[in-house]
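Data block below; observations after.
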There are 2 protein chains.
Amino acid sequence: MAVTDEAIDKIKEMLLRGELKAGDRLPPEKELSDRLGLSRSSLREAVKALELIRVLDVRRGDGTYVTSLDAKLLNEAVAFVVELHQDKSILELFEVRRILEPATAFIAASKISSAELQELGAAMDGIDEHTDVEELVAHDLEFHRIISRAAGNAYLESLLDALSGSTVRARIWRGLTQDRAVAHTLAEHKAIADALARGDAELVKALVTVHISGVESWLRQAL
Amino acid sequence: MAVTDEAIDKIKEMLLRGELKAGDRLPPEKELSDRLGLSRSSLREAVKALELIRVLDVRRGDGTYVTSLDAKLLNEAVAFVVELHQDKSILELFEVRRILEPATAFIAASKISSAELQELGAAMDGIDEHTDVEELVAHDLEFHRIISRAAGNAYLESLLDALSGSTVRARIWRGLTQDRAVAHTLAEHKAIADALARGDAELVKALVTVHISGVESWLRQAL
DNA sequence: TAGCGGGGATTCATCCGATGTTTGCGGTGT
DNA sequence: ACACCGCAAACATCGGATGAATCCCCGCTA
């Protein structure tokens, strides 16, 4: 194509060149479209596309702003794609997660703070095999997120977060509930938290590998 | 927002529900906009956004089609984001690559076919420290891509491809050339290929770790 | 009959102008 | 000093007009 895609590229270049920085406000639609030499309609298409992947933030009645442009961008972009691949090749996506999650936990083991360890403990409080699925999913998400955050790499955190979308997580925990495997899975969480507290990185890595692989094989059989 | 985002969601749901499948053609703009209850202009914004992340493929004068919806989607989405983070936090992105690349190579070691090994050999033919930067980048890209493809996980392949965009690669090889470190890096490629040929997965993993880490530390010092 | 070319129909590309809605901000009055 | 009001700026959405690319059917020709 041409005009609209050129506009996307030009905006991207303005970002790369530092002409536009995070938090900056873009010129009004009319002015920017004149400057880039296209119509408002076409410019709006470009802006909309950049808004979908969270590069721009459009505030009605106010203006269009550049987002923080941090690692969370990865999350948005990947999550959208992952959501579309739900039934199809979840297992391949899971294989990626099986690589990343233990490595992340390994890194986290040597960096995690006592505050984060406390958070991890709090995340498990009040969660047992009688907790309803919705809350279990929230717990699971938080548990893994605290660990990935402790690894100190925002991209890793975003990627892991996006790779197992909440839809997949919900399905898994629903399945675990039916199979009465919730207690077992929660025990794995507990073991991981304990090993993290002791700073035993190798054990953490092994436990996480077992944990993820367990879920993976459950998923494989469930499909 | 409202109308346009609703349209994006509705199209996404049509995909999830199987109402639209890969390769399908969407109704014409006019018809679809009527059906979704919005104007053509607004619908076009939605379509444009979905086109940016390669979910839809618009062919002028023909129609709008659903793409193959395969793992390559990840590539497009991630590559766009990565490109925007060039100067900023390349090192964090590299850390992710350092996790994925050895693990991928490890998997590839037990799966790689003789045809792929031959490809790997061919990719190294005619490449030496006198090759110009552009060709070195192409070689590097191909080398790592053959290995990730051999691992048999399309998402892994896409992700790795996207994680080290060609811009970063170009910068690295330009730097390696100036530092007269090209021969050394190519020798590492050779060693990796040899270990793959012997099926020594552990060695492959170690070599790749060394390889990536070497580049990473060069990059760290160059920033 | 097979192949080729033309022309109309379909569909997207782009632009324009009008109108509605939301937000931010400054002025005003108490 | 504070609360309210109203204007101006900026995005949201619409519908129509025109252009350009593509597809496909139909008729012509060898």
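Only a predicted model underlies this, so the values are computations on that prediction, with no experimental measurement involved. Chain letters run A, B, ... following the sequence lines, proteins first, then strands; residues in each count from 1.
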Rounded to whole Å, CG of Asp57(B) lies from C1' of dC12(C) at a distance of 12 Å
dG15(D) P sits how many Å from Leu38(B) CG, rounded? 10 Å
Ser158(B) side-chain N/O to Ala71(B) backbone N/O, donor-acceptor pair under 3.5 Å: yes
Checking side-chain contact (heavy atoms from CB on, under 4.5 Å) between Leu56(A) and each of Leu69(A), Leu26(A), Thr67(A), which is the one that passes? Leu26(A)
Near DNA chain C, under 4.0 Å by heavy atom, which residues of residues 39-52 of chain A? Ser39(A), Arg40(A), Ser41(A), Ser42(A)
Under 4.0 Å between a Lys/Arg side-chain N and an Asp/Glu carboxylate O for Glu13(A) and Lys10(A)? no
Mutual orientation of the aromatic rings belonging to His211(A) and His144(A) [parallel < 30°, tilted 30-60°, perpendicular > 60°]: parallel
Which pairs, protein N/O on one side and nucleotides 6-10 of chain D N/O on the other, fall under 3.5 Å?
| from | atom 1 | to | atom 2 | distance (Å) |
| --- | --- | --- | --- | --- |
| dA10(D) | OP1 | Arg25(A) | NH2 | 3.4 |

Less than 4.0 angstrom from a charged side-chain N to a carboxylate O is my criterion; do Lys48(B) and Asp5(A) meet it? yes
Basic-acidic side-chain contact under 4.0 Å: Arg220(A), Glu216(A): yes
Is the closest side-chain donor-acceptor distance between Arg40(B) and Ser33(B) under 3.5 Å? no
Tyr65(B) OH to dA21(D) P: how many Å, rounded? 17 Å
Can you identify which nucleotide, out of dC12(C), dA12(D), dT13(D), has its nearest atom closest to the Ala2(B) side chain? dT13(D)
Atom CD1 of Ile8(B) and atom P of dA12(D) are separated, to the nearest Å, by 12 Å
Less than 4.0 Å between a side-chain N and a carboxylate O, is that true for Glu116(B) and Arg149(B)? no
